[in-house]
Colleague: 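Just passing along the structure, written as structure tokens.
Note that the structure is a prediction, hence the values are computed from the model and not measured. Whatever order the structure lists ligands and atoms in, that order sets their numbers, starting from 1.
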Amino acid sequence: MRIDIISPLPELVESTFKTSILKRAIEKKIVKIQCHDLRNYSSNKKKQIDDYSYGGGGGMVLMVEPISKCIEKLKNEREYDAVIFMTPDGEKLNQKISNRISQFKNIIILCGRYEGVDQRVRDIFINMEISIGDFVLSGGELAALVLCDSVIRLKPGVMSNSSCALSDSFQDNLLSAPIYTRPENFKGHKVPKILLSGNEKKISLWREQQSVNRTKKLRPDLLDKE
Ligand code: ADE
């Protein structure tokens with residue numbers, strides 16, 4: 001899978017791919033990440049990428065030209081399954097969306113900054129708009145990283161235990177069962193006996209029950225989802 005990330009602050013994104021599971025996925029060539037500095041696509045000597053909003057109003061708006069140049073260059077090089085814009089008014093990210101995107105071969109993720117982007121960018125180039133929640137970040141970069149992490153960990157070979165990603169919370173609209181490791185007894189707080197029983201069938205049943213109970217208690221809304 002190839003992910004092209006377009007941003008006015010590519011350093012913010014790049015640093016995260018130098019550690020952890022994401023770094024491993026890149027080293028194993030399961031995913032290729034290419035970050036593009038929007039300023040390199042400005043036709044202006046000052047490398048300007050934003051301008052005042054027509055009609056007045058506060059902040060600066062990312063201009064259509066540099067973004068268009070960058071996306072068109074990429075599209076001339078290969079086909080993309082999706083051109084995604086990270087924005088608080090997009091569709092709220094969930095496991096189903098991450099699963100779907102993890103099947104794509106090539107995607108572009110555009111990160112906005114300032115007040116937003118010229119609407120024509122969204123009208124012409126964007127075919128998926130994703131929010132990571134009902135709050136406003138100062139830019140799309142952190143949201144893009146959240147999306148990338150949730151997608152990349154689903155690719156076969158990324159997690160050391162391949163069944164892990166599939167048993168995550170939300171994969172079946174259920175939260176995960178509680179998990180424990182040593183010691184068996186921490187200041188009187190004991191690991192549930194069933195987990196020490198060695199009876200796989202009983203453990204699996206217990207985990208299922210715990211999942212359902214936890215979901216009912218903490219996220220009953222998930223149980224209504226298809
Ligand atoms: N950009 C700013 N806020 C965002 C959010 N909540 N989700 C996605 N992109 C964003």
Colleague: Between Ile97 and Ile130, which heavy-atom pair has the shortest distance, and what is it?
Modeller: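 Nearest heavy atoms, Ile97 then Ile130: CG2-CD1, 4.0 Å.
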
Colleague: Are any of the heavy atoms in Ile130 under 4.0 Å away from ligand 1?
Modeller: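 Heavy atoms of Ile130 do come under 4.0 Å of ligand 1.
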
Colleague: Looking at ligand 1, does any of its N/O atoms fall within less than 3.5 Å of an N/O of Ile132?
Modeller: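 Between Ile132 and ligand 1 (N or O atoms, distance only) the closest approach is under 3.5 Å.
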
Colleague: Show me which atoms of ligand 1 lie under 4.0 Å from any heavy atom of Gly139.
Modeller: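 Ligand 1 atoms under the 4.0 Å threshold to Gly139: 1 (N), 2 (C).
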
Colleague: With a 4.0 Å cut-off on heavy atoms, is Ala144 touching ligand 1?
Modeller: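 Contact absent.
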
Colleague: Taking only heavy atoms of Gly133, which atoms of ligand 1 are found under 4.0 Å from at least one of them?
Modeller: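 Taking each heavy atom of Gly133 in turn, ligand 1 has 6 (N) under 4.0 Å.
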
Colleague: Answer yes or no: is there an ion pair linking Lys47 with Asp37, defined by an N-O contact shorter than 4.0 Å?
Modeller: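 Looking at Asp37 together with Lys47, the answer is no, because their closest N to O distance does not fall below 4.0 Å.
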
Colleague: How about Gln95 and Asn99: does a side-chain donor come under 3.5 Å of a side-chain acceptor?
Modeller: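 Per modelled atom types, Gln95 and Asn99 side chains form a pair under 3.5 Å.
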
Colleague: Looking only at distance, does Ala143 have an N or O less than 3.5 Å from an N or O of ligand 1?
Modeller: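 No: no nitrogen or oxygen of Ala143 is under 3.5 Å from one in ligand 1.
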
Colleague: Taking heavy atoms and a distance under 4.0 Å, where does Ser131 meet ligand 1: side chain, backbone, both or neither?
Modeller: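 Ser131 to ligand 1: contacts from backbone and side chain alike.
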
Colleague: Which heavy atom of the protein is the closest neighbour of atom 10 (C) of ligand 1, given with residue, atom name and distance?
Modeller: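 Answer for atom 10 (C) of ligand 1: Pro88 CD, 3.6 Å.
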
Colleague: Between Asn44 and Ser42, do the side chains contain a donor N or O and an acceptor N or O under 3.5 Å apart?
Modeller: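 There is no such pair between these side chains.
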
